[in-house]
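We use all heavy atoms of the structure for the numbers below, so side chains are in, but hydrogens, waters and symmetry mates are not. Start at 1 and go down the list; that is how both ligands and their atoms are numbered.
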Amino acid sequence: MIDKLRIQNTLQKAQQLSEIYNCKLNLGFSGGKDSIVLKYFADLYDIDYVANFNNTQIEQNPHQIQFIKSNYPEVKIIHPDKEKSFFVLMKKHGLPSIFRRWCCEHLKHSNNKLTEYRINIMGVRGEESNNRMKRGAVSVFGNSKRAAKTYEKLKATFANTDSQIQCESGKDKVNIYPIFDLTENEIWDIIKSEKLVVPDAYKNKRRLGCAFCPFESFGRSLETIKDCPNLTKQWLKILSDREFQETKQKNIVGKTNGTGLFYLYITQSLLTTDRTNSALKYLNQKDLYGKTGLEKFEDYINNVLSN
Ligand code: SF4
């Protein structure tokens, strides 16, 4: 059963915390189903917040900004500076991976256009992954002892629906997840019962997010190639650049081309040397019909992009 009292209590404490920190409360609005439900509750309980959409420019749903402008016009769209766009950063940092999520850090956690908001509410849910579940409904960013102390204090405060918030103003960024305990079914129940508008992309997708996220499965990335031809072309352009390969991906130079590197990336084959070697073998080996794995992958991409 949905514990609305807990959601209300968490939202009200988040607002109190933003007052203690003397800053506006930021509602991180992605335009996905979870942030739409979060916004619904924030409005229901009359929370004082500013909703911001952080435009990473790599959204899987190419119509996301238009969707937000049409249906949630009060949400502010925050565009990155040109030199901080995903592709410019990728040239500098190389490919992201599940161990090196520089894009999350640069595009989301330390976006310089959102630093004025130190208290954030987000539509993160525990059910999404074991790691998230373990982290709990509040995060404090920073490695200092002070941040660790604030985290312990806030964790205890948010676990208890009775207590008032007791915290001093601090310097560390705090993220609070008011709908942390909701399941996916409960999210959809609320969307249906409250007639909330969600993107059409949910008709054939369970989740929306960044295209070609290092956490995305190969099958999902194949779908993304179809849904996001322009983003796919941008990925291929950078990965085919010899300088990028020589400085950021020396292990593949001379063994495959940019499309092959893209295949290695979306199959998560770059995570270990063994996996890279085995995927390279597949890419370069001919099948019974004389086609290499790389040629088959190139055919798939060319077919999709020419449609
Ligand atoms: S692609 Fe994945 S890791 Fe990168 S910003 Fe998006 S969610 Fe984070």
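Residues Y177 and N120 bring no donor and acceptor atom of their side chains to less than 3.5 Å of each other.
Aromatic pair F212/Y265: ring centres not closer than 6.0 Å.
Atom 6 (Fe) of ligand 1 has its closest protein heavy atom at C210 SG, 2.4 Å. The protein non-hydrogen atom at the shortest distance from atom 2 (Fe) of ligand 1 is C213 SG, 2.4 Å. From the protein, the heavy atom lying nearest to atom 7 (S) of ligand 1 is K108 NZ, 3.6 Å. The protein non-hydrogen atom at the shortest distance from atom 4 (Fe) of ligand 1 is C103 SG, 2.3 Å.
For atom 4 (Fe) of ligand 1, the set of nearby N, O or S atoms under 2.8 Å includes none belonging to C104.
A salt bridge links E128 with R132: the closest approach of a Lys/Arg side-chain nitrogen to an acidic carboxylate oxygen falls below 4.0 angstrom. With respect to D181 and R125, no salt bridge is recorded, no charged nitrogen being found less than 4.0 Å from a carboxylate O. Checked for salt-bridge contact, R206 and E184 meet the test: a charged N lies under 4.0 Å from a carboxylate O.
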